[in-house]
Amino acid sequence: MLYHTLGFFGGFLLDLLLGDPHWMPHPVRLMGWLISFLERRLYPQNRMRSPHRSFCRGVILVLLVLLCTVLCAGSILWLCYALHPLAGMAAELLMTYQILATKCLKTESMRVCKKLEQNDLPGARKAVSYIVGRDTDHLSPSGVAKAAVETVAENTADGVIAPMLYTALGGPVLGLFYKAVNTMDSMMGYRNDRYLYFGRAAAKLDDALNFVPSRISAWLMIFSAFLGGKCFSGRRAFSIWKRDRFNHLSPNSAQTEAVCAGALGVQLGGDSVYFGKVVHKPTIGDDLRPIESEDIRRSNRLLLLSAVLGEGLCLLALTAITLIC
């Protein structure tokens, strides 16, 4: 347990320092390749595209991806610990580092912020297109800023806190299990003609795994709003979360988006365009003022505070278990 705790803490620090350099191999990219490979072979062709068959083949894809993820991660850890406990701890540290996405999320969203501050709207639209699933070609500056803030708020839960909690609970194997589910959802969890049935298993499993972590993330973000300074309102963060936490097609996404909207005093959500089609969504928060590029910086401050609080609580729990055992 001590090696797990040290690897867990070291991985968090490494994530804050290094982020996700594009030259470095990353397990999520390997997962993405595997998902695409299996999709090309399992997705039903026109002559056999029934809802039942599509769903069953989607289930097979999910099971194969998760099996490969668990076997690979477990084998690497077993071999490293068999070699030496320090080698095992180093493997846990590196895996934990790649499971978390705190610095990466901040870096990518701040690219959008800087483009907006330079009045480079085409560049801002292109930068935000890398971190959102919606169409960005016709977004206004405030629309670009809103998309970036929503992404930071949502991914505070499923890109940072949720994988952190699962890694603390079950080590990097469970953390990577979660990342595999989350990656499948990001690639296949759309409600369009192609993925409505084929991607349903991935989407529902992602909803289930994020149910508790998204709510823990919301509370961490509420506390962060109280601690973050005068640019946030902790009271409003709590009240908007209580009112709007279910204002989303997903049962989990509005949890942290509602807190962020309340803390900043802006309105998130609303209609968006995906693959050329308008998707109607409820709004989140009150439209007290227009969203601006500085709100991206503020949302990142909430992200970092929430991550530090989450890491601290996980370390306290792991340390207590280590002392008891």
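These values consider heavy atoms only, across backbone and side chains, with no hydrogens, waters or symmetry-generated copies.
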key: H4 and F8 aromatic ring geometry - parallel, tilted or perpendicular at 30°/60° bounds   =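 The arrangement is tilted - the two ring planes meet at 30° to 60°.
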message = In terms of relative ring orientation, are W219 and F238 parallel, tilted or perpendicular, with 30° and 60° separating the classes?
response =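 Rings of W219 and F238: tilted, as their planes differ by 30° to 60°.
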Distance-only, no hydrogens or angles: does the [X] side chain make a donor-acceptor pair with backbone N or O of [Y] under 3.5 Å?
| X | Y | value |
| --- | --- | --- |
| T256 | A153 | yes |
| D185 | D206 | no |
| E257 | I284 | no |
| D295 | E292 | yes |

Note, [X] side chain near [Y] side chain (heavy atom, < 4.5 Å):
| X | Y | value |
| --- | --- | --- |
| F12 | C314 | no |
| R297 | C113 | yes |
| D286 | R243 | yes |
| S109 | N300 | yes |
| L264 | I291 | no |

[X] to [Y] six-membered ring, cation-pi geometry met (6.0 Å, 45°):
| X | Y | value |
| --- | --- | --- |
| R40 | F37 | no |
| R215 | F211 | yes |
| R298 | F232 | no |

request  = Return yes if a side-chain donor-acceptor contact under 3.5 Å exists between S224 and S306, otherwise no.
outcome  =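 S306 and S224 do have a side-chain donor-acceptor pair below 3.5 Å.
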query = If you measure only the distance, is there a donor-acceptor pair under 3.5 Å linking the side chains of N210 and D158?
reply =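 The answer is no; no qualifying pair exists.
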query = If every non-hydrogen atom of D244 is compared with every non-hydrogen atom of A254, which pair is closest and at what distance?
reply =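 Reported closest heavy-atom pair: O-CB, 3.7 Å.
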ask   = Can we call the ring centroids of F198 and F55 under 6.0 Å apart?
value =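 Not under 6.0 Å, so no.
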Tell me whether [Y] is reachable from [X] by hopping between hydrophobic residues (I, L, V, M, F, W, Y) whose side-chain heavy atoms are closer than 4.5 Å.
| X | Y | result |
| --- | --- | --- |
| L66 | W33 | yes |
| F223 | M164 | yes |
| L77 | L67 | no |
| L305 | I240 | no |
| V59 | Y190 | no |

query = Are R194 and E39 within salt-bridge range, i.e. N to O under 4.0 Å?
reply =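 Yes, charged N to carboxylate O under 4.0 Å.
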ask   = Do NZ/NE/NH1/NH2 and the carboxylate oxygens of R125 and D120 come within less than 4.0 Å?
value =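 D120 and R125: not salt-bridged.
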ask   = Around K281, counting heavy atoms of other residues, nucleotides and ligands shown, do more than 12 lie under 6.0 Å from its NZ?
value =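 Result for NZ/K281: enclosed.
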